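No experiment lies behind these values; they were computed from the predicted model shown. Hydrogens, waters and symmetry mates play no part in the numbers below; they use all other heavy atoms, side chains included.
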Amino acid sequence: MHEHRDSDAATGDALVARLVSLEPIKPECWPAARAEAHEAFYQHAHAVVSHPAGPAWLTTLAAHPNSLVRAIAVGALGSGRDPAHQPILVQALADPAANVVQAALAGLTPQTSDEVFDRLVTLLNETDRDRAGIGRYAAQRIAETSDPRRLDVLADALGQVHGAEHDITRALSRAGDPRVAPVLIEHLRHRRPGRFAAAEVLGNLRIAEATGPLIDVLRESDGPQSLPVMEALGKLEALEAAPAIVPLLDHSSSDVRDGALLALNRIGGPLTTPAALKAADDVHPVVRARALRVLAKHGDHRALGRLAAACDSRHVHTALTGLVRLADDSVALTLVQVLLTTDERRVRKLAGQILARIDTQHHLPGHDPDPLVRRVIVWVIGQRADPAYIGTLTNALQDEDELVRSRAAAALGRITHETTVPLLTEALCDPRPRVRANAATALGRTVPDGLRSLLADALVDPHPAVRSAAAAALRATTR
C-alpha cells in the first residue's frame with residue numbers, strides 16, 4: 001500500500017520536474033513537448049486526488065513556486081468539490097497568479113462561496129487587464145450563492161466584467177427576480193457598456209417598464225448590437241416598438257433583418273403585414289422564409305397571394321398554416337393542387353382542413369388514382385356535410401380502399417337526406433369491420449325509423465368494434 005502511494009508521488013514529482021524544466025523563455029510560447037508535459041501532469045493530478053495520499057501531495061504542490069503547477073494542483077483538489085479541500089481553494093484566491101485564482105474559483109462549492117462572498121465581489125470587479133478573466137469565474141460562483149446581495153452585485157457588474165456578460169445574464173434571467181429591473185434600466189438610460197446584456201435580461205424577465213428605454217437604445221444601435229434589444233421588445237410584445245423596428249428591415253445585415261422579423265412576429269400589429277410582404281422579396285433566403293412565417297401568423301387578405309404562391313415551394317406547410325387561418329375561397333384551386341401533388345401527410349392533412357372550411361363545390365375532383373388523395377377528399381366532403389356530394393360518396397362506398405369506404409360511411413352520417421339510410425344499410429355488409437362500424441355509427445346519427453332492426457345484424461357482428469358501434473348508436477337515440 002505504501003509502495004503504491006510512494007509510486008504515485010514519485011511519478012507525480014517526475015512529471016512536475018519535467019513540466020518546470022520546459023518552462024519557455026517567452027510565456028506565450030508553448031512547444032509541443034511542454035503541452036504534452038502539461039497534459040500528463042494534469043491527468044495524473046486528477047487521477048490521484050481520489051487516492052488516499054493524493055490530496056496531501058497535491059496540497060504541497062498548491063504552494064509550489066511554479067504557477068502552472070499550483071494551478072493544476074488547486075484545480076485537481078477542487079474537481080470533486082470535496083469540503084475537505086475547500087480551505088486550500090480559499091487560500092488560493094489570494095494567489096498572485098490569475099490562472100491559480102481561476103482554478104480555485106472553479107472548485108468552490110456554493111457553501112464556501114457564501115463564506116467568501118465579499119472576496120468574490122472584489123474578484124468580480126478586478127480592473128487589471130491580465131486578470132480580467134477571473135471575473136467570469138467569480139460571477140459564476142456569486143450566482144450560486146444564497147447571499148441576498150448577489151443579484152444586485154451581478155446587475156451592477158453587467159458589462160463591466162470582460163467575458164462575464166453571458167454568465168451574469170443567465171444568472172439574472174434564471175433568478176427571475178424583477179427587483180433588479182431598476183438597475184438594468186439605468187444601464188439602458190445611461191448607455192453603459194452592459195446595456196445590451198441588460199436588454200436581454202429585461203426581455204427575459206418581461207419588464208414592461210423597460211419598453212421606452214429599450215426603444216431609445218434601439219434607435220441608437222447598429223448592426224448586431226440591435227439584436228438583443230429587438231428580441232427583448234419582441235418578448236415584451238411592445239406594439240409601440242414596431243415603428244422603430246420596421247426600418248431595420250433595410251439594414252445591410254441579413255441577421256439584423258431576420259431579427260427584426262422575429263420581433264415583429266411576436267409583436268404583431270398593423271405594421272407587420274406590409275413589412276413582411278416587403279421582406280418576402282429579400283435577397284437572403286433565410287429572411288424570405290422568416291417573412292413567410294410572419295405572414296402565416298399575422299397576414300391579412302393582402303398576404304393571400306404570397307401564401308398561395310408559397311404552396312408551390314418547400315415552404316408549403318408554413319403557407320398552409322396561414323391559409324387555414326384566413327380560410328379564403330379564392331385559394332381553393334391552389335389547395336386542391338396541393339392535395340393532388342404533395343407527398344407529405346401533414347401537408348395533405350392541412351390542405352384538407354382548409355378545403356373543409358371554404359367553398360370547394362366546383363373544385364374538388366370526384367376521383368383520383370391515389371388512395372391517399374381519395375381519403376382526404378372524402379374526409380373534406382364529410383366535414384362540409386353537403387348533400388350535393390352524395391353521388392361522390394356513393395361511389396366512394398365502392399372504393400377499393402378500406403379507409404375511403406369507412407370515411408364515406410362516416411361522411412354520409414353527417415348528411416340529412418333520404419338516400420343516406422339505404423346507402424349506410426348496404427355498407428353494414430361491407431367485408432371490412434372498420435367500414436361496418438362507421439356505417440353503424442352513421443346510422444345512429446341519422447336516427448331513422450326502425451334503427452334497431454337495421455342494426456340487428458351489427459349487434460351480433462363477429463367483430464367487437466362493430467358490435468360496440470351498433471350498441472352505442474342505439475344508446476345515443478334513447479337519451
Side-chain angles (χ1 to χ4, degrees), residues 173 178 181 185 188 196 198-221 224-251 253-282 284-311 313 315-331 335 350 353-354 357-358:
S173 298
I185 291 174
L188 300 178
F196 300 110
E200 181 179 346
V201 179
L202 289 165
N204 291 338
L205 297 181
R206 305 298 195 272
I207 305 298
E209 294 82 357
T211 299
L214 284 168
I215 293 173
D216 292 339
V217 170
L218 180 62
R219 289 192 173 116
E220 298 175 9
S221 304
Q225 291 180 334
S226 64
L227 291 174
V229 186
M230 287 192 292
E231 183 178 358
L233 289 167
K235 289 178 178 178
L236 293 174
E237 298 180 9
L239 192 62
E240 60 268 42
I245 294 173
V246 169
L248 291 172
L249 291 171
D250 294 321
H251 197 278
S253 168
S254 61
D255 289 337
V256 173
R257 301 196 300 274
D258 187 51
L261 285 169
L262 271 171
L264 290 172
N265 198 37
R266 286 178 175 266
I267 293 170
L271 298 181
T272 299
T273 294
L277 283 170
K278 178 182 176 182
D281 292 320
D282 195 276
H284 200 284
V286 172
V287 179
R288 293 198 301 271
R290 181 76 64 192
L292 189 65
R293 287 195 283 274
V294 176
L295 290 174
K297 182 178 180 181
H298 297 284
D300 53 26
H301 67 280
R302 293 171 291 179
L304 281 170
R306 182 67 66 172
L307 293 172
C311 288
S313 72
H315 302 297
V316 56
H317 187 266
T318 300
L320 291 176
T321 59
L323 293 175
V324 74
R325 179 177 57 82
L326 295 171
D328 193 280
D329 295 348
S330 66
V331 296
L335 296 171
L350 196 51
Q353 289 175 354
I354 306 171
R357 296 178 58 188
I358 64 178

Arg290 CZ to Asn265 CG distance, which is reported to the nearest 0.5 Å: 7.5 Å
Shortest non-hydrogen pair, Pro224 vs Pro228, comes out as O-CD, 3.5 Å
Going by atom types only, do Asp328 and Ser330 share a side-chain donor-acceptor pair under 3.5 Å? yes
With rounding to the nearest 0.5 Å, note down the distance linking CZ in Arg266 to OG1 in Thr272. 13.5 Å
Looking only at atom types and distance, does a side-chain atom of Arg325 sit under 3.5 Å from a main-chain N or O of Lys297, one as donor and one as acceptor? yes
Ala260: which residues meet the side-chain contact (heavy atoms from CB on, under 4.5 Å) condition with it, sequence neighbours left out? Met230, Ile245, Leu248, Leu249
If you round to the nearest 0.5 Å, how far is CG of Leu214 from CG of Leu218? 8.5 Å
Please check: side-chain N/O of His298 versus main-chain N/O of Gly269, any donor-acceptor pairing under 3.5 Å? no
Nearest heavy-atom approach of Ala244 to Ile215 is CB-CG2, 4.1 Å
Here the gap from Ser253 atom OG to His284 atom NE2, rounded to the nearest 0.5 Å, amounts to 9.0 Å
For Phe196 and Val217, run side chain to side chain contact (heavy atoms under 4.5 Å, CB included): C-alpha distance rounded to whole Å, both residues' side-chain angles, the deciding distance at 0.1 Å, then the answer. CA-CA 9 Å; Phe196 300 110; Val217 170; 3.9 Å; yes
Show which side-chain atoms of residues 200-207 pair as donor or acceptor with protein atoms under 3.5 Å away, not counting sequence neighbours.
from   : atom 1 : to     : atom 2 : distance (Å)
Asn204 : OD1    : Lys235 : NZ     : 2.5
Asn204 : ND2    : Ser173 : OG     : 2.9
Asn204 : ND2    : Glu200 : O      : 3.3
Arg206 : NE     : Lys235 : O      : 3.4
Arg206 : NH1    : Gly203 : O      : 2.9
Arg206 : NH1    : Asn204 : O      : 3.4

Under 4.5 Å between any side-chain heavy atoms of Leu335 and Leu320, yes or no? yes
For Ala208 and Leu236, which heavy atoms make the closest approach, and how far apart are they? N-CD2, 4.0 Å
Please report the C-alpha distance between Asp216 and Leu188 in whole Å, then the side-chain angles of each, then the deciding distance to 0.1 Å, and finally whether the side chain to side chain contact (heavy atoms under 4.5 Å, CB included) criterion is met. CA-CA 8 Å; Asp216 292 339; Leu188 300 178; over 6 Å; no
Point-to-point distance, once rounded to the nearest 0.5 Å, from CG of Leu271 to CG of Leu239: 7.5 Å
Closest approach of Ala291 and Leu261, non-hydrogen atoms and distance? N-CD1, 3.8 Å
Could you walk me through whether Thr318 and Leu307 pass the side chain to side chain contact (heavy atoms under 4.5 Å, CB included) test, one step at a time? CA-CA 8 Å; Thr318 300; Leu307 293 172; over 6 Å; no
Non-hydrogen side-chain atoms of Asp281 and Arg306 separated by less than 4.5 Å: yes
Nearest 0.5 Å, please: how far is CG in Leu233 from CG in Leu264? 10.5 Å
With Leu323 as partner, the option from Val331, Leu350, Ile358, Val316 fulfilling side chain to side chain contact (heavy atoms under 4.5 Å, CB included) is Val331
Derivation and outcome, side chain to side chain contact (heavy atoms under 4.5 Å, CB included), residues Leu326 and Arg357: CA-CA 10 Å; Leu326 295 171; Arg357 296 178 58 188; over 6 Å; no
Give a yes or no answer on whether the side chain of Arg257 reaches the backbone of His251 with a donor-acceptor pair at less than 3.5 Å. yes
Closest non-hydrogen atom pair between Lys278 and Asp250, with its separation: NZ-OD1, 2.9 Å
Over all heavy atoms of both residues, which pair between Ala296 and Thr321 is shortest? Give the atoms and the distance, please. CB-OG1, 3.6 Å
